[in-house]
Amino acid sequence: MIPFRAPLEDIHFTLNDVAEAGRIPGWDADLAREMGAHFASFAEAEIAPLDAVGDREGCRLENGRVRMPTGFAEVYRHYAEQGWPGLTAPADFGGQGMGAAMLAVTSEIFSGACHSLQMVTGLVPGAIRTLLNFGTPEQQAKVIPQLVSGEWLSTMCLTEPGAGSDLSRIRCRAERSGEVWRITGEKIFISGGDQDMSEGILHLVLARTGGEGTRGLSLFLCPSHRTDGTRNAVTVTRIEEKMGLHASPTCGLTFEGADAEIVGEPGAGLMAMFTMMNHARLDVALQGVAHAARACNVGRTYAAERVQGRGPDGAEVTIDRHGDVRRMLDEIDSLALGARGVAHVALVEVEAGESALADLLTPLAKLIGTEAGIRAAEMGMQVLGGYGYLSEYRLEQTYRDARITAIYEGANGIHAGTLAGRMLRHDGGRCGDAFAGFLGREAAKGNAEAVAHCRDLWLAARDRVLAAKDPGPIAHDFAKLTAEAMLAAVWARIGRAADRHPDPERIARLAREAARRAPILARASAELIG
């Protein structure tokens, strides 16, 4: 097995030199480097060793409670004791007051070390942000400190058996009973729906309080325990058997008149829940990046040691000297670096308050990052040949764990449909205009001929999509074109900043190849749009 190593230099490079995190008020690049090093040491020493154990053991349901694999509770306790759950929470609630960009550093490392554990802990920052935006001062004071301390973890309860991506079909109901609300219904696919690591769990539940459609939905805080210490009426009915993420308990939950508090106004639940969902989408983008980076490290390390075949001089060579293996290794490397750059650019736009561009880049980053993780894991297996198919090097686990990222937090096809539909048309097309403006600004900079070409193709394709009565059949190809245009802009930035990376030759070489391929890939997608 090849040990996990956090790709710290690449993370800081794309965040600071490519995404220009200095635009974020109060950003401290030196502090980010220090925090990243501390978390990387913890992740490499304590979190990463759990990954294989968790995959083998999985979670189990005993007497209605979920039991996590060996070692998970102890490492989670160390994680909480070090203050990581409250990284982005305000100091007034016991947190460290860092921004989302700092969380992006630790979140990617966490996912690369053990995606399953990151899944169970990763919704806490989004829950805190939701409470800060929509909760009452009383709710904030009561709940946030428990999330910050690690005493509580959080879930996001949306999906139901008859309501997956179509939230208008939600049937779980909440009814007022005196001073409290009571929730009745069933939720499925709830990550960390129960576990034995934290003392309690805060379920954020989307439930129906009014009529049909999404306007009748409200958001609720539903803790696993009542104020008197007794367990709330929330029952785990099953743990799903999954392709991957075996150590992340994906639960079916039944609410049987469970006590809850409403967040915000009745009927405004979807707006509040989207605060949490948008945080989660950038987090999922970085999960994909983490898997791509892991595949790159394993592939390069293995290929540099595995002797097979001979070179032109007849001497034995390691397989990284063979042309096709070098091609695959460079593509895996490019997938990780480019997708990370996109995610970081999107994050900086969100934190800098560029709402129209951020609205488009958030789902686009999710689409690009998750596809990169899956493709990189698959190619990494190919680099290792038969060993890649075995569990020894664990790339097959990387593939299994990465595969869900293209499905949850909005399937990638849904994001493609939204891009070709609502985002090009809503509010006078401001999101599309913001993206076109972004590409235009990038194309005007040095060494950006590929960006200019992709921008022209994208603008022409946008006109065709807007003219279509039903953009659905061409949504996938338009999303691919949008992704290629975005990647062209990011790779142009990467190329210009290459000399600020510790390995400038590698970065410049990958950027040149990306610039060569970008117009070809973009033209292929544009031609499919028609």
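Nothing fancy with the numbering, it's 1 onward along the sequence. Hydrogens, waters and symmetry mates are skipped; everything else that's a heavy atom, side chains included, is used. These figures come from a predicted structure and were not determined experimentally.
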> Does the side-chain contact (heavy atoms from CB on, under 4.5 Å) test come out yes or no for Cys251 and Arg238, once each step is laid out?
Replying inline: CA-CA 6 Å; Cys251 300; Arg238 64 189 176 280; over 6 Å; no

> How far apart are the C-alpha atoms of Thr184 and Glu256, what are their side-chain angles, what is the distance that settles it, and do they pass the side-chain contact (heavy atoms from CB on, under 4.5 Å) test?
Replying inline: CA-CA 5 Å; Thr184 302; Glu256 301 174 291; 5.9 Å; no

>> Apply side-chain contact (heavy atoms from CB on, under 4.5 Å) to residues Leu202 and Trp152 and explain how you reach the verdict.
In response: CA-CA 7 Å; Leu202 177 68; Trp152 284 8; 3.8 Å; yes

> What's the verdict on side-chain contact (heavy atoms from CB on, under 4.5 Å) for Leu219 and Ile262, showing C-alpha distance, side-chain angles and the deciding distance?
Replying inline: CA-CA 6 Å; Leu219 183 63; Ile262 195 167; over 6 Å; no

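Between Glu261 and Arg176, no side-chain nitrogen of the basic residue sits less than 4.0 Å from a carboxylate oxygen of the acidic one, so the salt-bridge criterion is not met. Electrostatic pairing of Glu57 and Arg67 does not count as a salt bridge here, judged by no charged N lying under 4.0 Å from a carboxylate O. Between Arg33 and Glu9 there is a salt bridge, with a side-chain nitrogen of the basic residue lying less than 4.0 Å from a carboxylate oxygen of the acidic one. Salt-bridge annotation for Glu175 and Arg182: absent, with no side-chain N of the basic residue lying under 4.0 Å from a carboxylate O of the acidic one. Under a 4.0 Å N-O distance rule, the pair Arg394/Asp55 does not qualify as a salt bridge. Using a 4.0 Å cut-off between a side-chain N of Lys or Arg and a carboxylate O of Asp or Glu, Glu108 and Arg340 qualify as a salt bridge.
Heavy-atom contacts from other residues, nucleotides or ligands closer than 6.0 Å to CZ of Arg231 number more than 12. The environment of CZ in Arg23 is crowded: more than 12 heavy-atom neighbours from other residues, nucleotides or ligands sit within 6.0 Å. Around atom CD of Glu241, no more than 12 heavy atoms belonging to other residues, nucleotides or ligands sit under 6.0 Å away. Heavy atoms of other residues, nucleotides or ligands lying less than 6.0 angstrom from CG of Asp228 number more than 12. More than 12 heavy atoms of other shown residues, nucleotides or ligands fall within 6.0 angstrom of atom CD in Gln82.
Between the side chain of Asp427 and the backbone N or O of Arg430 there is no donor-acceptor pair closer than 3.5 Å. Put simply, the side chain of Thr362 gets close to the backbone of Ala358: a donor and an acceptor are under 3.5 Å apart. Glu186 contributes no side-chain N or O that, together with a main-chain N or O of Leu253, makes up a donor-acceptor pair within less than 3.5 Å. In this structure, the side chain of Thr237 engages the main chain of Gly252 through a donor-acceptor pair within 3.5 Å. In this structure, the side chain of Arg208 engages the main chain of Gly211 through a donor-acceptor pair within 3.5 Å. The main-chain N or O of Thr88 is never found under 3.5 Å from a side-chain atom of Gln96 such that the two would form a donor-acceptor pair. Counting only distance, with no hydrogens or angles, the side chain of Asp17 and the backbone of His501 share no donor-acceptor pair below 3.5 Å. Here the side chain of Ser218 pairs a donor or acceptor atom with the backbone of Gly267 at under 3.5 angstrom. A distance-only check finds no donor-acceptor pair linking the side chain of Arg173 to the backbone of Ala207 [under 3.5 Å]. Thr370 places a side-chain N or O within donor-acceptor distance of the main-chain N or O of Leu367, the cut-off being under 3.5 Å.
Going from atom CG of Leu286 over to atom CG of Leu103 covers 9.0 Å, rounded to the nearest 0.5 Å. Expressed to the nearest 0.5 Å, how far CZ of Phe220 lies from CG of Leu204 amounts to 11.5 Å. Atoms CG and CD1, on Leu206 and Ile170 in that order, are 4.0 Å from each other to the nearest 0.5 Å. To the nearest 0.5 angstrom, Lys187 atom NZ is 11.0 Å from Arg171 atom CZ. Taken from OG1 in Thr482 to CG in Leu419, the straight-line distance is 4.5 Å, to the nearest 0.5 Å. Interatomic distance, Leu147 CG to Leu131 CG, rounded to the nearest 0.5 Å: 7.0 Å.
Between the side chains of Asp283 and Gln118, at least one donor N or O lies within less than 3.5 Å of an accepting N or O. Counting only N and O atoms by type, the side chains of Gln195 and Ser198 include a donor and acceptor under 3.5 Å apart. Between the side chains of Thr250 and Lys242, at least one donor-acceptor pair of N or O atoms lies under 3.5 Å. A donor-acceptor contact under 3.5 angstrom links the side chains of Asn16 and Trp27, judged on distance only.
Two residues are said to be in side-chain contact when any heavy atoms from C-beta on lie closer than 4.5 Å; Pro363 and Met423 meet this criterion. Counting only heavy atoms from C-beta outward, the side chains of Met273 and Leu158 approach each other to under 4.5 Å. Between Asp401 and His291, the closest side-chain pair of non-hydrogen atoms falls below 4.5 Å. In this structure, Leu487 and Ile368 have side chains that are in contact, with non-hydrogen atoms separated by less than 4.5 Å. Taking the side chain as every heavy atom from C-beta outward, Ile507 and Ile494 approach each other to under 4.5 Å. Taking 4.5 Å as the limit, some side-chain heavy atom of Gln397 sits within range of a side-chain heavy atom of Asp51. Ser224 is not listed as a side-chain neighbour of Val234, based on a closest heavy-atom distance of 4.5 Å or more. With contacts defined as side-chain heavy-atom distances shorter than 4.5 Å, the pair Glu396/Arg400 qualifies.
When Val284, Leu245, Asn412 are each tested for a side-chain contact (heavy atoms from CB on, under 4.5 Å) with Thr405, only one passes: Val284.
Between Val205 and Cys222, the closest heavy-atom pair is CG2-CB, 4.0 Å. The two residues Gly200 and His225 come nearest to each other via the heavy atoms CA-ND1, 4.3 Å. Minimum interatomic distance between Ala346 and Leu282 (heavy atoms only, all atoms of both residues): CB-CD2, 3.9 Å. Here the closest heavy-atom approach between residue Gly380 and residue Ile332 is recorded as N-CD1, 3.6 Å. In plain terms, the two heavy atoms of Ala89 and Val148 that are nearest each other are CB-CG2, 3.4 Å. Taking every heavy atom of both residues into account, Ile374 and Ala402 meet most closely at CG1-O, 3.8 Å.
Taking the six-membered ring for Trp and thresholds of 30 and 60 degrees, Tyr408 and His115 have ring planes more than 60 degrees apart, a perpendicular arrangement.
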Donor-acceptor pairs under 3.5 angstrom involving side-chain atoms of residues 36-43: please list them, not counting sequence neighbours.
| unit_1 | atom_1 | unit_2 | atom_2 | d |
| --- | --- | --- | --- | --- |
| Ser41 | OG | Ala37 | O | 3.1 |

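Qualifying side chain to side chain contact (heavy atoms under 4.5 Å, CB included) partners for Thr121, counting only residues two or more places apart in sequence or in other chains: Tyr76, Tyr79, Phe110, Leu117, Leu153.
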